[in-house]
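As structure tokens, the structure follows; a few thoughts come after it.
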Amino acid sequence: MPELPEVEVTRRGLIAPLQGARIASVRIGKPLRWPLGIETAALAGRTITDVQRRGKYIVLALDQGVVLIHLGMSGSLQVSPMDAPAGPHDHFDLFTDQHLLRLHDPRRFGAVVWSPDTESGMAAKLLANLGVEPLGAGFSFEHLWAGLQKSRMPVKQLLLGGQVVVGVGNIYASEVLFLAGIAPTKPANQTTRPQARRLHAAIVEVLTRSIALGGSTLRDFVQVNGYAGAFQAQASVYGRAGAPCPRCGQPVQVIKQGQRSTYFCKRCQK
DNA sequence: AAAAGCCCCTGGATGC
DNA sequence: TGCATCCAGGGGCTTT
């Protein structure tokens with residue numbers, strides 16, 4: 001589910017309840033993708049100094065160590081009442097003196113991982129090889145252009161890979177390529193410079209707009225306050241196979257690329 | 001080295 | 001109603 005906008009919306013919602021808070025206790029449910037990497041009791045008493053994000057990871061900076069949280073396909077983080085009983089899909093609870101942060105993740109592709117810092121242990125491994133932040137200063141047109149030139153992969157799959165730019169997942173990859181007018185099957189190194197210009201602008205625009213709308217809610221995702229996102233209602237092509245293209249009226253196509261669905265307009269995207 | 005495929009897991013929608 | 005099949009916002013690991 002969660003792509004960069006959903007993770008960023010979540011991060012923003014966590015700052016007020018968590019920044020500066022002291023961890024009182026931690027409860028773990030069923031196993032997630034990886035073990036936590038530290039005894040839960042050892043986290044008690046530590047302070048959350050900052051709530052950051054890198055790609056699709058939430059990074060809780062502690063006074064000692066960091067906690068990476070990934071939402072996988074079906075995860076969401078909510079601040080819940082302290083006495084709310086844990087449901088069958090609530091697999092990680094972090095209690096501060098004032099709040100309960102709860103990870104709800106039916107499919108359990110998500111992860112919560114502790115490391116001494118972001119440069120060592122599991123965190124370093126997970127954060128290595130991530131591309132630049134699309135909404136940061138490092139995402140220049142020339143960076144995107146250079147990344148496109150180096151690969152013969154279909155441009156959609158290159159975006160999804162996250163080695164050039166992070167955070168563009170399956171929904172936003174289709175949306176961004178539609179907005180840029182680029183066929184998702186086009187080999188990355190065959191995109192023209194004008195196309196790459198449009199792609200660069202589209203990535204920034206679509207992600208920014210989605211964050212402003214609270215992200216996309218297809219099935220599981222909710223914001224920290226429990227509210228759904230609203231971006232999905234404005235999607236041009238994602239999930240709209242057979243519906244008219246908003247630009248030309250031709251039916252939206254769906255194909256499989258690397259076992260993931262891609263939506264696009266045959267007429268508008270070259 | 002790059003790229004393609006295979007899984008991890010659960011639940012909802014669809015079809016017979 | 002019941003059961004089988006397919007599909008889903010990700011991404012690490014293994015195989016070509």
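Numbers restart at 1 for each chain; the letters A, B, ... are given by sequence-line order, proteins then strands. Note that these values count all heavy atoms, side chains included, but never hydrogens, waters or copies made by symmetry. All values derive from a computational prediction rather than experimental measurement.
None of A:Tyr238, A:Tyr263, A:Phe231 except one satisfies the ring pair (Phe, Tyr, Trp, His ring centres under 6.0 Å) rule with A:Tyr172; the exception is A:Phe231. Screening A:Thr191, A:Leu148, A:Val165 for a side chain to side chain contact (heavy atoms under 4.5 Å, CB included) involving A:Leu158 leaves a single residue, A:Leu148.
Using a 4.0 Å heavy-atom criterion, one finds that A:Tyr172 contacts no nucleic acid atom at all. Heavy atoms of A:Gln259 sit under 4.0 angstrom from at least one base atom. Note on A:Lys150: nothing from the nucleic acid sits closer than 4.0 angstrom, heavy atoms only. Contact annotation for A:Gly258: no contact, since no heavy-atom pair falls under 4.0 Å across all strands. Contacts of A:Arg152 with the nucleic acid, taken as non-hydrogen atoms under 4.0 Å apart, involve only primed sugar atoms and P, OP1 or OP2. Counting non-hydrogen atoms under 4.0 angstrom, A:Tyr57 reaches the backbone sugars and phosphates but no base.
Between A:Ala183 and A:Val155 the shortest heavy-atom distance is O-CG1, 3.5 Å. For A:His99 against A:Val79, the heavy-atom pair with the smallest separation is ND1-CG1, 3.7 Å. Contact record, A:Val168 with A:Leu160: O-CD1, 3.6 Å, taken as the closest heavy-atom pair.
Distance CD1 (A:Ile171) to P (C:dC7): 18 Å, rounded to an integer number of Å. Across the protein-nucleic acid pair, A:Arg260 atom CZ and C:dA8 atom P stand 8 Å apart, rounded to whole Å. Following rounding to the nearest Å, A:Leu159 (CG) and C:dG10 (P) show an atom-to-atom distance of 12 Å. Remark: P of C:dG10 and CD1 of A:Ile58 are 15 Å apart, rounded to the nearest angstrom. Following rounding to the nearest Å, A:Trp34 (CH2) and C:dG10 (P) show an atom-to-atom distance of 14 Å. Remark: C1' of C:dG11 and CG of A:Leu71 are 14 Å apart, rounded to the nearest angstrom. Taking atom CG of residue A:Leu68 and atom P of nucleotide C:dG10, one finds them 17 Å apart after rounding to whole Å.
Taking the six-membered ring where tryptophan is involved, the planes of A:Trp145 and A:Phe141 are essentially parallel, since the angle between them stays under 30° and well short of 60°.
Ring to ring, A:Phe139 and A:His200 are close: their centroids are under 6.0 angstrom apart.
A side-chain N or O of A:Ser261 and one of A:Lys256 form a donor-acceptor pair less than 3.5 Å apart.
The number of heavy-atom neighbours closer than 6.0 Å to CD of A:Gln149, taken from other residues, nucleotides and ligands shown, is above 12.
Considering only heavy atoms from C-beta on, A:Ser216 comes within 4.5 Å of A:Ser210 through its side chain. In this structure, the side chains of A:Arg46 and A:Trp114 come closer than 4.5 Å at one or more pairs of heavy atoms.
Extent of DNA chain B lying under 4.0 Å from chain A heavy atoms, first and last nucleotide in 5' to 3' order, is B:dA3 to B:dG11.
Contacts between residues 106-132 of chain A and DNA chain C, counted as heavy-atom distances below 4.0 Å, involve A:Arg107, A:Phe109, A:Lys125.
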Checklist entry - Under the side-chain contact (heavy atoms from CB on, under 4.5 Å) criterion, do A:Ile203 and A:Leu159 qualify, and how do the steps go? => result CA-CA 10 Å; A:Ile203 289 169; A:Leu159 289 177; 4.0 Å; yes
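Of the P atoms belonging to C:dG11 and B:dA1, the separation is 23 Å, rounded to the nearest Å. Between C:dC3 and B:dC9, the distance separating the two P atoms is 23 Å to the nearest Å.
Base-pairing analysis of DNA chain C finds the following stems of at least three consecutive Watson-Crick or G-U pairs, with both pairing distances under 3.5 Å: B:2-8 with C:10-16, B:10-16 with C:2-8.
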